[in-house]
Amino acid sequence: MNKVKTHLLSWGMLCAFGFLLSGCNDYLNEIPKGQKTPTTWEDYNAFVRTTEKHYFEMDQLFCLVGDLFYTPNQLNSNQLVNTHYFWKEDVDRTLINSTDKNAYYNAYEALFYANLIVDGAPSATESTEEQRNMLTAQGRVLRALIYHYLVNYYADQYTEENKHYLAVPLVTSPSVTSPSPQGTLEEVYRFILSDLEAALPYLPQEGESLFHPTLVTGYGLLARVYLSMNNYDKALEYADRALTLNDSLFDWVAFYEADRARYENPTLYTAGVSGNPERDNPENYYFHFGSMNMYRGNNGTSYALTPERAARFETGDTRLLTHWKRRVSASGIVYYSGIYGLEPNKGGMRSPEMYYIKAECLARQGGADNLKAAMELVNSVRKTRILPENYTEWSAETTKEAVEKIISDKANEYIQSQVVFCDYRRLNKTTEYARTLTKTVDGVTYTLKPDSHLWIMPFPNEAMSNPGNGTLTQNVAK
């Protein structure tokens, strides 16, 4: 099995890069000498279990929403990072976007494996019909997750007015000779929904590993997708279904108390941990690492934060206290250094997201009872995050007040993930909730407006010049 996996990973990677390479064989029909095609159920199942495929590149998104701190040297070494960090609207990103090409190609490589599963698992040998249906369904969920990432990274926000806009290449087969037309927002979202709806009847209640989607993953992803489409009734329906299956919340207050002396020591920046609230977290619906470079600070910890971003946490919020600590660099720059050393589930799905989605959908329905229920959901999460001596119940008198509070706490829960980026983009299309971001660096104030073209990432130049078996139109002017 290891040989099969190794062969497929190496050859599959080449085929997944078919947009760049010419002359790559049709993998399913022409197997290169010395390679082996997957045939058994376990051959295909190994692709789900392989952790190397559960990554996205999201650093540019974190720059844009202000969810990280970069040193002057880091900012000077990458022009695209510099552009997004300082919100430079005058820079033509289409000329410098090759530094972000991995975001595109890593996603389409992962998509190759998802397509391979969906295409091949139904006829896999050494398996039962139930196993084949389950694995095919899990491949569909993974494919839907990847497309939701891609369409939110490279295309405009979905609205009824925008749905005819071009989005991303819609590749539905592992064969590099298959068409790769650039779908519209409507076409891509319709494909995502059809994959998830087809998967639901066959998803298991429990997965073989944290990387294997289950029924709660399917419900949760449908809630996330419908929220992106501004369909709050459907988002509420599926968030409710997900919470019925798993509404567990990890107790971050207890996690903090177990190592309080270390967290309260202002000069101790080690990445010690107590317990393992990531892979063993009862909140997990599906595990995905998020950015491949998520850990790259001091002692292998998470990205650093600016003081401005850290200030958006409530006093006593253990999501800040257990992950970052105020520090001053040798050159006198104040920032919040990462002190948390576990692998975060940043690109996957956890139960708190369903609490926030359900809360927002209820708040949007209006009425005193719905507003009360919405804030009770948010308070359920906050009670496990805010130290008791700092905790006070939240309430809201209006829908706008409730939604703003929900989004602010959700942004702290899902800091340094695509969830925050997707929420901001969605809200920026509304008059009531659009927000202008500001920050000050070295005495200079920078501004990012809700209608800025920076909210859409440009396709890499390599993809534009080698669009595969279709055409590719850049979705942003610069």
Side-chain angles (χ1 to χ4, degrees), residues 45 48-49 51 53-56 58 110 114 117 134-135 137-149 152 192-193 195-228 234-252 276-291 294 319 342-361 377-378 380-381 384-385 406 409-410 413-420 422-423:
N45 187 44
V48 182
R49 197 186 304 114
T51 60
K53 300 302 145 215
H54 300 271
Y55 285 103
F56 288 144
M58 300 186 287
I117 293 168
M134 178 184 69
L135 188 56
Q138 290 172 326
R140 289 186 185 277
V141 173
L142 294 175
R143 185 164 67 179
L145 181 85
I146 297 164
Y147 269 122
H148 187 258
Y149 159 80
N152 278 277
I192 292 171
L193 292 176
D195 251 354
L196 292 173
E197 289 162 0
L200 285 183
Y202 306 105
L203 291 171
Q205 293 283 342
E206 295 185 9
E208 175 187 323
S209 73
L210 287 173
F211 303 110
H212 285 74
T214 60
L215 183 58
V216 72
T217 318
Y219 287 154
L221 189 50
L222 277 164
R224 179 187 288 179
V225 172
Y226 276 121
L227 186 72
S228 295
K234 279 291 190 179
L236 175 59
E237 174 189 341
Y238 284 106
D240 227 356
R241 290 192 190 187
L243 288 170
T244 298
L245 293 180
N246 183 359
D247 63 355
S248 301
L249 290 171
F250 182 79
D251 191 345
W252 280 100
N276 189 357
E278 295 298 344
R279 297 213 184 188
D280 297 335
N281 193 336
E283 297 175 350
N284 285 333
Y285 286 4
Y286 159 71
F287 195 93
H288 190 287
F289 295 99
S291 176
M294 182 60 68
R319 290 170 295 197
L342 293 177
E343 303 164 320
N345 185 7
K346 290 293 187 179
M349 185 169 292
R350 298 181 291 111
S351 59
E353 185 178 355
M354 299 302 110
Y355 278 82
Y356 294 114
I357 291 177
K358 182 176 180 179
E360 182 180 345
C361 294
L377 286 162
V378 177
S380 295
V381 179
T384 63
R385 274 61 173 160
I406 292 163
D409 199 62
K410 187 180 180 183
E413 180 71 27
Y414 287 95
I415 187 171
Q416 295 178 351
S417 78
Q418 194 187 20
V419 171
V420 179
C422 290
D423 273 345

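Values reported hereafter were calculated over all heavy atoms of this structure, with side chains retained and with hydrogens, waters and symmetry mates removed.
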* Structure fact -> In short, salt bridge (charged side-chain N to carboxylate O under 4.0 Å, His left out) pairs touching residues 209-228 with sequence neighbours left out are Arg224-Glu353

* To do: Mind checking the CG-CE spacing from Leu236 to Met354? Nearest 0.5 Å is all I need.
  => 11.5 Å

* Asked: In Å, rounded to the nearest 0.5 Å, how long is the span from CG of Leu243 to OG of Ser351?
  -> 7.0 Å

* To do: Give a yes or no answer on whether the side chain of Asn345 reaches the backbone of Arg279 with a donor-acceptor pair at less than 3.5 Å.
  => no

* **Rounded distance (nearest 0.5 Å) linking atom CG of Asn152 with atom CD of Gln418** => 5.5 Å

* **Residues forming a side chain to side chain contact (heavy atoms under 4.5 Å, CB included) with Asp423, sequence neighbours excluded** => Leu227, Ile407, Lys410, Val419, Arg426

* Go through the steps to decide whether Asp195 and Val141 satisfy the test side-chain contact (heavy atoms from CB on, under 4.5 Å), and finish with yes or no. => CA-CA 7 Å; Asp195 251 354; Val141 173; over 6 Å; no

* For residues Ala223 and Ala239, report the shortest heavy-atom separation together with the two atoms involved. => CB-N, 3.5 Å

Run the side-chain donor-acceptor check on residues 198-207: report pairs under 3.5 Å with partners two or more places apart or on a different chain.
none

* Asked: Does the side chain of Gln138 come within less than 4.5 Å of Ile117's, by heavy atoms?
  -> no

* Over 60° means perpendicular and under 30° means parallel, so classify the ring planes of Tyr238 and Tyr219, tilted if in between. => tilted

* Determine whether the side chains of Glu208 and Asn45 contain a donor N or O and an acceptor N or O closer than 3.5 Å. => yes

* Asked: Side-chain contact, heavy-atom cut-off 4.5 Å: Phe211 with Arg49?
  -> no

* Structure fact -> With sequence neighbours left out, the residues meeting ring pair (Phe, Tyr, Trp, His ring centres under 6.0 Å) with Tyr286 are His54

* Atom OG1 in Thr217, atom CG in Leu222: separation rounded to 0.5 Å? -> 11.0 Å

* Starting from the C-alpha separation in whole Å, work towards a yes-or-no answer on side-chain contact (heavy atoms from CB on, under 4.5 Å) for Leu221 and Met349. => CA-CA 8 Å; Leu221 189 50; Met349 185 169 292; 4.1 Å; yes

* Taking C-beta and beyond as the side chain, do Lys346 and Ile415 meet within less than 4.5 Å on heavy atoms? -> yes

* Using a 4.5 Å cut-off on heavy atoms from C-beta on, say whether the side chain of Leu142 contacts that of Val48. => yes

* Asked: With a 4.5 Å limit on heavy-atom distance, are the side chains of Pro344 and His288 in contact?
  -> no

* Structure fact -> Ala359 and Val378 have their tightest heavy-atom pair at CB-CG2, 3.9 Å

* Rounded to the nearest 0.5 Å, how far does NE2 of His148 lie from OG of Ser228? -> 3.0 Å

* Can you name the ring pair (Phe, Tyr, Trp, His ring centres under 6.0 Å) partners of Tyr355, sequence neighbours left out? -> none

* Measure the shortest side-chain to side-chain distance between Tyr285 and Asn246 over non-hydrogen atoms and say whether it is less than 4.5 angstrom. => yes

* To do: Please report the C-alpha distance between Trp252 and Thr384 in whole Å, then the side-chain angles of each, then the deciding distance to 0.1 Å, and finally whether the side-chain contact (heavy atoms from CB on, under 4.5 Å) criterion is met.
  => CA-CA 6 Å; Trp252 280 100; Thr384 63; 5.5 Å; no

* What pair of heavy atoms forms the shortest contact from Ala235 to Tyr226, and how long is it? -> N-CB, 3.7 Å

* Heavy atoms, side chains only, cut-off 4.5 Å: are Met58 and Gln416 in contact? -> no

* Can you check whether Phe287 and Phe289 have ring centres sitting under 6.0 Å from each other? -> yes

* Got a second to check how far Ile192's CD1 is from Tyr147's OH, nearest 0.5 Å? -> 9.0 Å

* **Pairs satisfying salt bridge (charged side-chain N to carboxylate O under 4.0 Å, His left out), at least one member in residues 234-248, at least two apart** => Lys234-Glu237, Glu237-Arg241, Asp240-Lys358

* Asp409 versus Tyr356, side-chain donor and acceptor atoms under 3.5 Å -> yes

* Flag side-chain contact, heavy atom, 4.5 Å: Glu413 against Arg385 -> yes

